[in-house]
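Inspection log for the structure reproduced underneath, given as structure tokens.
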2 protein chains.
Amino acid sequence: MNDVTIDAVDLDILQLLIEDANRSHKEIGQSVHLTGQAVGARVRKLQDIGVIEGYTVRWNPEKLGQAVQALVTVFLTSHTAHQRFRAFVDSSDEIVEAHRVSGEGCYWMRIRVGSPSALSAFLEQLLEFANYKVSLTIDQVK
Amino acid sequence: MNDVTIDAVDLDILQLLIEDANRSHKEIGQSVHLTGQAVGARVRKLQDIGVIEGYTVRWNPEKLGQAVQALVTVFLTSHTAHQRFRAFVDSSDEIVEAHRVSGEGCYWMRIRVGSPSALSAFLEQLLEFANYKVSLTIDQVK
DNA sequence: GGTGAAAACTAGTCGGC
DNA sequence: GCCGACTAGTTTTCACC
């Protein structure tokens with residue numbers, strides 16, 4: 001079923017789109033020596049097979065007052081807490097990224113809040129199912 | 001200097017673009033009760049003041065064989081290692097995200113590699129400037 | 001799988017409100 | 001600050017190779 005082949009040109013196109021998704025197919029075509037239509041066909045292929053999942057904008061949370069970013073290691077306190085924690089992750093706007101991990105803790109997540117007091121309030125909620133370890137981001141290098 | 005006001009409509013537009021940046025200004029306008037041109041003007045404003053930093057694609061690393069994702073806490077071993085580490089972060093394709101943190105360790109980063117052996121090779125490189133603690137992602141929940 | 005030309009649509013610019 | 005009309009550029013859809 002999944003015998004669709006991805007060649008080096010496809011990867012070049014993907015890379016160009018990751019850098020700037022607003023590039024036109026024509027412009028991309030000049031970089032990879034193809035016409036705009038051929039680029040369009042390959043982009044559609046990448047979408048169909050799920051390599052490209054969607055288009056989005058890179059935005060700056062700090063400009064919207066979301067100045068505090070923190071990395072949290074989560075230690076769930078009981079087996080039953082798992083489902084409640086997952087529901088919490090889904091409903092929380094503060095959690096921008098969350099992983100089930102092996103290693104230290106049960107989950108790891110990255111959160112965004114407007115202020116230290118908002119962070120405090122967030123951790124208060126989290127305490128209902130879990131213990132945690134927090135690191136604050138001083139500078140996002142990448 | 002920065003007295004540009006961002007209202008609720010701007011935030012709605014931003015949210016719609018984050019979900020799908022390929023929506024046309026016209027379509028967005030129907031959601032927020034504006035014409036396409038007015039949406040275009042607001043989007044340009046958001047770009048000019050730096051809230052929108054650029055356009056990109058969401059893509060699936062697993063479909064390209066980047067199956068292993070790991071979260072690494074970095075403990076630099078000397079003061080002089082900082083600059084070398086930063087250069088390493090810039091040049092490494094495996095590192096997809098990196099933060100200078102306060103709390104545990106000096107840096108925190110998320111990496112993507114194709115296989116456990118590639119992870120091992122990566123950590124070998126890292127050992128030249130730093131000690132580390134690794135957690136593997138089992139399931140990215142968010 | 002790629003190209004070339006026409007059709008449909010989109011974003012940017014203008015004057016006007 | 002927003003709207004309507006126009007222009008330029010873009011994506012899409014063909015038939016053809």
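A quick note: this is a predicted structure, and the numbers were derived from the prediction, not measured. Atoms considered below: every heavy atom in the structure, side chains included; atoms not considered: hydrogens, waters and symmetry mates. First the proteins, then the strands, lettered A, B, ... as listed; each starts at 1.
Between the P atom of D/dC2 and the CG atom of B/D10 lies a distance of 9 Å, rounded to the nearest Å. What separates CG of B/D7 from P of D/dG1 is a distance of 9 Å, to the nearest Å. Here the P atom of nucleotide C/dA5 and the NZ atom of A/K26 are 13 Å apart, to the nearest Å. Distance B/E27 CD to C/dC9 P: 13 Å, rounded to the nearest Å. Rounded to whole Å, atom C1' of C/dA11 lies 11 Å from atom OH of B/Y55. In this structure, the CZ atom of A/R23 is 19 Å from the C1' atom of C/dA11, given to the nearest Å. Protein atom NZ of A/K45 is 18 Å distant from nucleotide atom C1' of D/dT12, rounded to whole Å. One interatomic measurement links the two molecules: CD of B/Q30 to C1' of C/dT10, which rounds to 13 Å at whole-angstrom precision.
For the residue pair A/D10 and A/K45, the shortest heavy atom distance occurs at OD2-NZ, 2.7 Å. What you find for A/R110 and A/Q69 is that their closest heavy atoms are NH1-OE1, 2.7 Å.
Residue side chain B/Q37 reaches the base of D/dG4 through a donor-acceptor N/O pair under 3.5 Å, judged by distance alone.
Atom CG of B/N60 is separated from atom CG of A/L46 by 11.5 Å, given to the nearest 0.5 angstrom. Atoms CZ and NE2, on A/R86 and A/H82 in that order, are 7.5 Å from each other to the nearest 0.5 Å.
Distances shown here put every side-chain N or O of B/R42 at or beyond 4.0 Å from the OP1 or OP2 atom of D/dG1. For A/R44, a side-chain nitrogen or oxygen approaches OP1 or OP2 of D/dT13 to under 4.0 Å.
Of the candidates C/dT10, D/dG4, C/dG4, D/dG4 carries the atom nearest the B/T35 side chain, counting heavy atoms from C-beta on. Comparing atom distances between the A/S24 side chain and each of C/dT3, C/dT10, D/dT11 picks out D/dT11 as nearest. Among C/dA11, D/dC2, C/dG2, the nucleotide with an atom closest to any side-chain atom of B/A38 is D/dC2.
At distances below 3.5 Å, at least one donor-acceptor pair connects side-chain atoms of A/T56 with backbone N or O atoms of B/I18.
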